[in-house]
There are 2 protein chains.
Amino acid sequence: MPRQIAERDDVIPALAEVFRTHGYDGASLALITQATGLGKGSLYHFFPGGKEEMAAAVLAQIEGWFATKVFEPLRESDPTRAIPAMFDAVDAYFHSGGRVCLVGVFALSDTRDRYFTEVRRYFATWIETLASALEKHGHEHPAARDLAEEIVGGIQGGLVLARAADQPQLFTRTLTRLRSRAESG
Amino acid sequence: MPRQIAERDDVIPALAEVFRTHGYDGASLALITQATGLGKGSLYHFFPGGKEEMAAAVLAQIEGWFATKVFEPLRESDPTRAIPAMFDAVDAYFHSGGRVCLVGVFALSDTRDRYFTEVRRYFATWIETLASALEKHGHEHPAARDLAEEIVGGIQGGLVLARAADQPQLFTRTLTRLRSRAESG
DNA sequence: GTCTATACAGTGATAGAC
DNA sequence: GTCTATCACTGTATAGAC
């Protein structure tokens with residue numbers, strides 16, 4: 001049986017881009033149909049729950065990406081390699097400051113309440129996983145958790161500043177600073 | 001002549017709260033009339049430009065607050081007193097992590113484009129003013145600017161994390177860390 | 001599965017009485 | 001200055017043809 005031309009997962013990147021750029025409320029179905037190239041009929045066929053289900057699917061995809069590309073390597077690999085690899089992955093994911101964090105966008109508005117479980121888990125997992133890796137890398141126990149919070153928070157703040165000034169290199173600079181701070185264990 | 005019961009400036013805090021909580025697109029006139037206690041007639045009397053002018057007035061109010069309470073003290077006072085005072089003011093302003101930064105919220109979505117001048121200036125002024133104060137306080141020239149970026153970005157990131165986890169103390173912890181980093185000049 | 005047509009609640013905004 | 005009534009429009013969502 002021939003593979004369908006459009007699968008549900010194929011439209012998720014376009015959906016993510018719309019939610020990232022316009023936020024949940026700003027992401028109108030008009031923008032979504034335009035970005036995905038699908039009519040409302042097709043969209044509601046894939047996502048019977050409408051916009052709410054679309055955003056949930058995007059969050060699940062993001063969680064899966066970070067689980068595979070960031071969290072698992074941090075847990076399993078040698079932290080001396082895994083921690084720099086995390087910064088590389090993050091730099092690539094956020095397009096070196098040219099793209100913001102959808103979970104961060106959702107976190108700041110009342111959209112957080114609609115996806116509270118997912119939003120909280122995203123940051124909590126990131127911080128906890130990174131803290132463990134930093135500890136294995138030689139940082140002291142309470143300080144490692146604090147440093148992990150500083151790094152994850154610093155990444156979010158760097159994205160805010162980079163987009164506010166429309167200067168992606170502000171994010172790159174932030175990453176460099178945080179990277180060296182993680183090294184000095 | 002008796003002072004009017006409702007002045008334009010009196011409704012700005014309520015407006016700010018709505019935009020902060022729901023974002024620009026999520027801040028409907030229904031929410032705004034509810035939060036301000038004013039009908040649409042009164043709102044459009046004060047803000048003929050509608051929502052766009054309301055948000056602009058809020059941004060102007062915020063800019064004024066920071067100019068008076070943060071930027072000017074940083075420029076004029078002894079940095080040894082002004083820098084800790086900045087952290088105190090920021091802690092109070094953001095309700096110790098219980099309130100997010102409206103300019104940060106706007107920066108992350110396409111609302112930034114509508115208020116690009118104001119958004120960019122807010123962070124640029126903050127970073128530049130803080131960098132000068134840090135230099136006067138003993139930090140080296142290029143490092144002071146870098147540290148100022150780290151502090152302002154760290155504050156924004158701390159607000160994101162605190163709201164994502166619904167744990168304001170995450171912001172307080174961030175402030176403490178940044179505070180001590182500014183001291184070690 | 002994808003489209004067009006449509007329902008209908010909610011949007012920002014305006015007009016006019018008081 | 002504040003209200004109510006109302007505007008034109010866009011919002012999400014649904015129904016049904018193909």
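What's counted below: heavy atoms across the whole structure, side chains too, no hydrogens, waters or symmetry copies.
- For the pair B:Ile32 CD1 and C:dT11 C1', the interatomic distance rounds to 11 Å; values are reported in whole Å.
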Only distances under 3.5 Å count here; give the side-chain donor-acceptor pairs of residues 149-160 of chain B to other protein atoms, sequence neighbours excluded, each with its distance to 0.1 Å.
from     : atom 1 : to       : atom 2 : distance (Å)
B:Glu149 : OE1    : A:Arg173 : NH1    : 3.0
B:Glu149 : OE2    : A:Arg173 : NH1    : 2.3
B:Glu149 : OE2    : B:Arg145 : NE     : 3.1
B:Glu149 : OE2    : B:Arg145 : NH2    : 3.0
B:Glu150 : OE2    : A:Arg181 : NH1    : 2.5
B:Glu150 : OE2    : B:Arg181 : NH1    : 2.8

**Prompt:** Given the rule in the side-chain contact (heavy atoms from CB on, under 4.5 Å) test, do B:Glu53 and B:Tyr44 qualify, once you have shown the distances and angles that lead to the verdict?
**Reply:** CA-CA 10 Å; B:Glu53 188 175 343; B:Tyr44 277 88; over 6 Å; no

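- Going from atom CG of B:Leu38 over to atom C1' of D:dT2 covers 8 Å, rounded to whole Å.
- A straight line from NE2 of A:His45 to P of D:dT14 spans 15 Å, rounded to a whole angstrom.
- Put simply, NE2 on A:His22 is 12 Å from P on D:dT12, counting in whole angstrom units.
- What separates CG of A:Leu43 from P of D:dA13 is a distance of 11 Å, to the nearest Å.
- Applying the side-chain contact (heavy atoms from CB on, under 4.5 Å) test to B:Asp166 and every residue at least two apart in sequence or in another chain returns A:Arg112, A:Phe116.
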Taking only distance into account, with no hydrogens and no angle test, what donor-acceptor pairs under 3.5 Å do side-chain atoms of residues 94-110 of chain B form with protein atoms, sequence neighbours excluded?
from     : atom 1 : to       : atom 2 : distance (Å)
B:Ser96  : OG     : B:Asp91  : OD1    : 3.2
B:Ser96  : OG     : B:Asp91  : OD2    : 3.4
B:Arg99  : NH1    : B:Tyr93  : O      : 2.9
B:Ser109 : OG     : B:Thr111 : N      : 3.1
B:Ser109 : OG     : B:Thr111 : OG1    : 2.9
B:Asp110 : OD2    : A:His22  : ND1    : 2.8

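- Residues that satisfy the ring pair (Phe, Tyr, Trp, His ring centres under 6.0 Å) test with A:Phe19, not counting sequence neighbours, are A:Tyr24.
- As a whole-Å value, the separation of B:Asp10 CG from D:dT2 P is 10 Å.
- Atom CD of A:Gln34 is separated from atom P of C:dC3 by 14 Å (rounded to the nearest Å).
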Polar pairs (N or O, both sides) under 3.5 Å between protein and nucleotides 12-15 of chain C?
from   : atom 1 : to      : atom 2 : distance (Å)
C:dG12 : OP1    : B:Ala27 : O      : 3.4
C:dG12 : OP1    : B:Lys51 : NZ     : 3.1
C:dG12 : OP2    : B:Leu29 : N      : 2.6
C:dA13 : OP2    : B:Tyr44 : OH     : 2.6
C:dA13 : OP2    : B:Lys51 : N      : 3.1
C:dA13 : O5'    : B:Tyr44 : OH     : 3.0
C:dA13 : N6     : B:Lys40 : NZ     : 2.8

Could you tabulate the donor-acceptor pairs under 3.5 Å formed by side-chain atoms of residues 125-133 of chain A, not counting sequence neighbours?
from     : atom 1 : to       : atom 2 : distance (Å)
A:Thr125 : OG1    : A:Arg121 : O      : 2.7
A:Thr129 : OG1    : A:Thr125 : O      : 2.5
A:Ser132 : OG     : A:Glu128 : O      : 3.2

